[in-house]
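Below, chain A is the first sequence line, B the second, and so on; all start at residue 1. All heavy atoms count here, side chains included; hydrogens, waters and symmetry mates do not. None of these values were measured; they are calculated from a predicted model.
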Amino acid sequence: MNSVAAIDPRHAAGQRLRERVFRSATLVAAIVVLALLGGVAISLLAGAWPALAHFRLSFLTREIWNPVTEQFGALAPIYGTLVTSVLALLLAIPVSLGIAIFLTEMASVWLKRPVGVAIELLAAVPSIIYGIWGLFVQRHVQPWLIAWLGPLPVIGRLFQGPPYGIGVLTASFVLAIMVIPFISAVMRDVFETVPDVLKESGYGLGATTWEVIWQVIVPYARTGMIGGIMLGLGRALGETMAVTFVIGNAHRIGSSLLAPGTTISASIANEFTEAVGDLYSSSLIALGALLFLITFSVIAAARFMLLRLEHRALSSA
Amino acid sequence: MNRRTIRKLTNILALGLSGLATAIGLFFLGAILWTLIRNGLAGVSLRLFTAMTPPPGGSGGLLNAIYGSVVMTVIGILIGGPIGMLAGTYLAEYARASRLSSVIRFVNDVLLSAPSIIIGLFVYELLVVRMGHFSALAGAVALAIIAMPVTVRTTEDMLTLVPQGMKDASTAMGAYPWRTITSVIYPAARSGILTGLLLAVARISGETAPLLFTALNNQFWSSNLAAPMANLPVVIFQFALSPYPNWQQLAWSGALIITLSILVLSISARLVLFSLDSGGRH
C-alpha cells in the first residue's frame with residue numbers, strides 16, 4: 001500500500017493529515033498532564049485566598065480551631081502531620097531496609113519473587129482498609145501498652161491516658177505499615193544497581209555478607225535510599241483515610257502519643273463536607289494548599305535525587 | 001571473644017534481623033487479610049449483592065454502592081486511560097529526549113505520588129462548585145485524574161520495550177509514525193498496556209478521599225451521573241465509624257469485597273507482566 005502512497009498525491013496528503021492529527025492528539029494529552037499540576041496549584045491557592053487574606057501569617061502559628069467564632073489556625077494539624085509522618089518513618093525505615101536486604105542479598109531465586117510480590121501487595125491494599133483494620137486492632141493493643149509502658153520513667157509520659165484506641169501513636173503505626181512497601185521497593189531497586197564487581201571485591205577481601213552490605217552497598221546506594229525514604233515521607237504526609245480513622249480528629253497538641261490529635265488531611269476529610277461559612281471551608285482549602293506545598297517539595301526532591309541516580313547508572317553502563 | 005567471632009556474630013545477627021523484618025512485613029499482610037475475612041465473611045450472603053444500603057438497624061446490602069463504584073471506576077478509566085496512553089505515546093515515541101518531555105515526565109511522577117485528597121479538593125473547586133452540587137461525574141473525573149499518571153508511566157515503559165528494529169522496519173516501508181505506532185507498536189505492546197490499565201483500575205477502585213467531596217454518597221439507588229452516587233469506599237467509611245452493628249457488619253463485608261477484588265486485579269496484572277518478562281528473554 002505504501003508504494004501507492006508515494007504515487008497518489010491525495011493518499012499521501014491524507015497520510016500527512018492523519019499524522020498531524022495523531023501527533024497533536026498525543027501532544028495535547030501530554031500537555032493535559034502538565035496543565036493538571038498547574039490547575040491544582042492555582043485552584044487551591046484561589047480557594048485558600050479568603051482565609052489567608054483574613055488570618056495572614058497567624059494562620060500558620062495559632063493552635064485555635066473554632067468554627068463557631070470562625071477562628072482558625074493550622075498549627076495543630078501541621079504538628080500532627082509532621083509527628084505522625086516522622087514517627088512512621090522511624091518505624092518503617094529499619095524494617096524496609098531489612099526487607100530490601102533480604103530480597104536482594106539473602107533470598108534464593110524461588111523465594112525472591114513471591115515474597116517481593118507479597119510486600120508489593122501491601123501497597124495495593126487501599127488506605128481505607130488500613131483505617132478500618134487499625135481501628136479494630138488498636139482496641140486490643142493499646143490497653144496493653146498503657147499497662148506495661150505507662151509506669152516507666154521518662155518514656156512512660158508518652159504512654160499515659162485512657163485507651164481510646166485512637167491517637168497519634170496508632171496513626172503513626174498504621175502509616176508505617178503503609179509506607180514500608182514503597183520504601184523497600186525503592187531500596188531494593190537501588191541495591192540491584194550496585195555493580196557485582198564492587199560486591200565481589202568486598203567478598204574477595206574476606207568481608208562477611210553484612211560487611212559488604214554496610215560498607216559497600218549502602219554507601220553506593222545512599223542517594224537512592226534517601227530518595228526512597230523521602231518518597232515514603234511524601235506518602236505518609238498526604239495519607240488521608242487510614243489516618244482519619246485512627247487519629248481521633250482533635251485540634252490540639254497533646255504531650256501523650258496516645259492522645260487524639262489531627263493531621264492536615266484528616267481535618268479536611270472530616271470537616272470539609274460539613275463546613276458551613278466561606279471562611280471555614282476556605283481555611284480547610286488553605287490546609288490543603290499547605291499540604292500540597294509540603295508534599296510537592298518532598299516528592300520533587302525525592303524524584304530529583306532518584307533521577308540523578310538514573311543518569312549516573314546510564315552513564316556508567 | 002576474638003575479632004573474627006564478633007564479626008561472624010554481627011553478620012548472623014544483622015541478617016537474622018533482615019529476615020525478621022521481612023517476616024514482619026508478611027505478617028501484616030496476613031493479619032490484615034485475616035481480620036477482613038474473619039469480620040467480613042459473616043455478612044456475605046446473596047442479600048449483600050441484591051439489596052440497597054439500609055437505614056440504621058434495618059437489614060440490607062451494598063448493591064447501590066457496588067454499582068456506583070463500578071460505574072465511577074469505569075468512567076474514570078475511560079477518561080483517564082486514553083489521555084494517559086496518548087501522553088505516554090508522546091513521551092515514548094515523539095519526544096523521547098526533548099526538554100518538554102523531561103518536564104512532563106517529572107510532573108507526572110509528582111502527580112503519581114500526590115495525595116489523593118488534594119485531587120478531591122481540586123475537582124471540588126473545578127466541578128462541584130460550578131455545578132452547585134455533588135455528582136457522580138465529579139467523582140469519576142477525580143478518579144480519572146488519579147488513573148492518568150499511572151497509565152502515562154506504564155504506557156511509556158511498555159512502548160520503550162518494543163524493539164527498535166520493528167519500528168525501523170515499519171518506517172523503512174514508508175509508514176508515517178502514526179501508522180507505525182497504531183499498527184506495529186501498539187499491537188506489540190498490547191498486553192503490557194492492558195496490564196497498566198489493570199493496575200490503574202486497581203489503584204482507583206479503592207480510593208476514598210477524592211470521592212468524599214465529589215460523589216459524596218447516596219443511601220438509595222441512583223444511576224444519574226449528575227447526582228450524588230453511593231460508592232463502596234465512602235459507604236465503608238461512614239458505616240465503619242457509625243455506632244450501629246448492622247452498618248459496621250456491612251462495612252466489613254464491603255472492605256472484604258473491595259480488598260479481594262483489588263488483590264485479584266494486582267496479582268493477575270503481575271502474572272501478565274511476568275509472562276511478558278520471560279517471553280522476552282527466550
>> So which residue, Leu44(A), Leu36(A), Val21(A), ends up with the most heavy-atom pairs under 4.5 Å with chain B?
In response: Leu36(A)
>> Heavy-atom cut-off 4.5 Å, strictly under: side chain, backbone, both or neither for Thr240(A) against chain B?
In response: side chain
> Heavy-atom distance under 4.5 Å between the side chains of Val32(A) and Met148(B), does that happen here?
Replying inline: yes
> Do the side chains of Phe296(A) and Val110(B) get nearer than 4.5 Å, heavy atoms only?
Replying inline: yes
> Looking at Thr295(A), Thr244(A), Ile285(A), Val40(A), which has the largest count of heavy-atom pairs under 4.5 Å with chain B?
Replying inline: Val40(A)
> Which atom pair, heavy atoms only, marks the closest approach of Glu125(B) to Ser43(A)?
Replying inline: OE1-O, 3.5 Å
> Just how far is it from atom CG of Leu17(B) to atom CZ of Phe102(A), taken to the nearest 0.5 Å?
Replying inline: 13.0 Å
> For the candidates Leu26(B), Leu91(B), Ile24(B), Leu126(B), which exhibits the highest count of non-hydrogen atom pairs separated by less than 4.5 Å from chain A?
Replying inline: Leu26(B)
>> Given heavy-atom pairs under 4.5 angstrom as the criterion, report whether the side chain, backbone, both or neither of Arg203(B) touches chain A.
In response: side chain
> What is the distance from atom CG of Leu37(A) to atom CZ of Phe106(B), rounded to the nearest 0.5 Å?
Replying inline: 9.5 Å
> Distance from Leu15(B) atom CG to Glu105(A) atom CD, nearest 0.5 Å?
Replying inline: 9.5 Å
> Under a 4.5 Å heavy-atom cut-off, does chain A meet the side chain of Arg7(B), its backbone, both or neither?
Replying inline: both
> How many angstroms lie between atom CD1 of Ile104(B) and atom CG of Leu34(A), to the nearest 0.5 angstrom?
Replying inline: 5.5 Å
> Closest heavy-atom contact between Gly98(A) and Ser18(B)?
Replying inline: O-CB, 3.5 Å
>> As an exercise: rank Ile262(B), Thr35(B), Asp109(B) by heavy-atom pairs under 4.5 Å with chain A and give me the winner.
In response: Asp109(B)
> Picking from Ile177(A), Ile119(A), Val115(A), which has the most non-hydrogen pairs under 4.5 angstrom with chain B?
Replying inline: Ile177(A)
> Rounded to the nearest 0.5 Å, how far does CZ of Phe213(B) lie from CG of Leu284(A)?
Replying inline: 8.5 Å
> Top residue by heavy-atom pair count (under 4.5 Å) with chain B, among Phe292(A), Trp214(A), Phe304(A)?
Replying inline: Phe292(A)
> Under a 4.5 Å heavy-atom cut-off, does chain B meet the side chain of Ile213(A), its backbone, both or neither?
Replying inline: side chain
>> Quick check: do Trp210(A) and Ile12(B) have side-chain heavy atoms less than 4.5 Å from each other?
In response: no
> Under 4.5 Å between any side-chain heavy atoms of Leu291(A) and Ile117(B), yes or no?
Replying inline: yes
> Of all of Ile268(A), Val298(A), Leu231(A), Ile101(A), which one pairs up most often with chain B through heavy atoms under 4.5 Å apart?
Replying inline: Ile268(A)
> Given side chains that start at C-beta, do those of Tyr176(B) and Arg16(A) come closer than 4.5 Å, heavy atoms only?
Replying inline: yes
> Is Thr10(B) close to Glu211(A) at the side-chain level, that is, under 4.5 Å between some pair of heavy atoms?
Replying inline: no
>> Counting heavy-atom pairs closer than 4.5 Å to chain A, which one of Ser113(B), Ser205(B), Pro233(B), Gly120(B) comes out on top?
In response: Ser113(B)
>> If you compare all heavy atoms of Ser266(B) against all heavy atoms of Ala124(A), which two are closest, and at what distance to 0.1 Å?
In response: OG-CB, 3.7 Å
> Taking atom CZ of Arg96(B) as the centre, does the number of heavy atoms from other residues, nucleotides or ligands within less than 6.0 Å exceed 12?
Replying inline: yes
>> Can you tell me which portion of Leu100(B) sits under 4.5 Å from chain A's heavy atoms? Options are side chain, backbone, both or neither.
In response: side chain
> Which region of Ala209(B), side chain (C-beta onward) or backbone (N, CA, C, O), has a non-hydrogen atom less than 4.5 Å from a non-hydrogen atom of chain A, or is it both or neither?
Replying inline: both
>> Return the CD1 to CD1 distance between Ile32(B) and Ile132(A), rounded to the nearest 0.5 Å.
In response: 12.0 Å
>> For chain A, which candidate among Ile119(B), Leu256(B), Leu111(B), Leu20(B) shows the most heavy-atom pairs at distances under 4.5 Å?
In response: Leu111(B)
>> With chain A as the partner, which of Leu265(B), Leu212(B), Leu121(B), Ile83(B) has the greatest number of non-hydrogen pairs under 4.5 Å?
In response: Leu121(B)
>> With a 4.5 angstrom heavy-atom cut-off, is it the side chain or the backbone of Phe182(A) that approaches chain B, or both, or neither?
In response: neither
>> So for Ala95(B), is it side chain, backbone, both, or neither that comes closer than 4.5 Å to the heavy atoms of chain A?
In response: neither
> Which atoms of Ile181(B) come close to chain A, meaning under 4.5 Å heavy atom to heavy atom: side chain ones, backbone ones, both, or neither?
Replying inline: side chain
> So Leu112(B) and Ile299(A), side chain to side chain contact (heavy atoms under 4.5 Å, CB included) or not? Walk me through it.
Replying inline: CA-CA 10 Å; Leu112(B) 202 59; Ile299(A) 296 168; over 6 Å; no
>> Shorter than 4.5 Å, heavy atoms on both sides: which option in Asn39(B), Ile258(B), Val152(B) has the most such pairs with chain A?
In response: Asn39(B)
> Are the side chains of Ile128(A) and Phe237(B) in touch, meaning some heavy atoms are under 4.5 Å apart?
Replying inline: yes
> What heavy-atom pair brings Ala29(A) and Ala87(B) nearest, and what distance separates the two atoms?
Replying inline: CB-N, 3.5 Å
> Just wondering, do Thr208(B) and Ser127(A) contact through their side chains at under 4.5 Å, heavy atoms?
Replying inline: no
>> At a 4.5 Å cut-off on heavy atoms, which part of Arg235(A) comes close to chain B: side chain, backbone, both, or neither?
In response: side chain
> Going by the angle between their ring planes, with limits at 30° and 60°, are Phe22(A) and Tyr94(B) parallel, tilted or perpendicular?
Replying inline: tilted
> Most heavy-atom pairs under 4.5 angstrom with chain B, which of Val125(A), Leu121(A), Val95(A), Ile180(A)?
Replying inline: Leu121(A)
> Contact part of Ala251(B) toward chain A, heavy-atom cut-off under 4.5 Å: side chain, backbone, both or neither?
Replying inline: both
> Can you name the closest pair of heavy atoms from Ile99(A) and Gly25(B) and give their distance?
Replying inline: CD1-CA, 4.5 Å
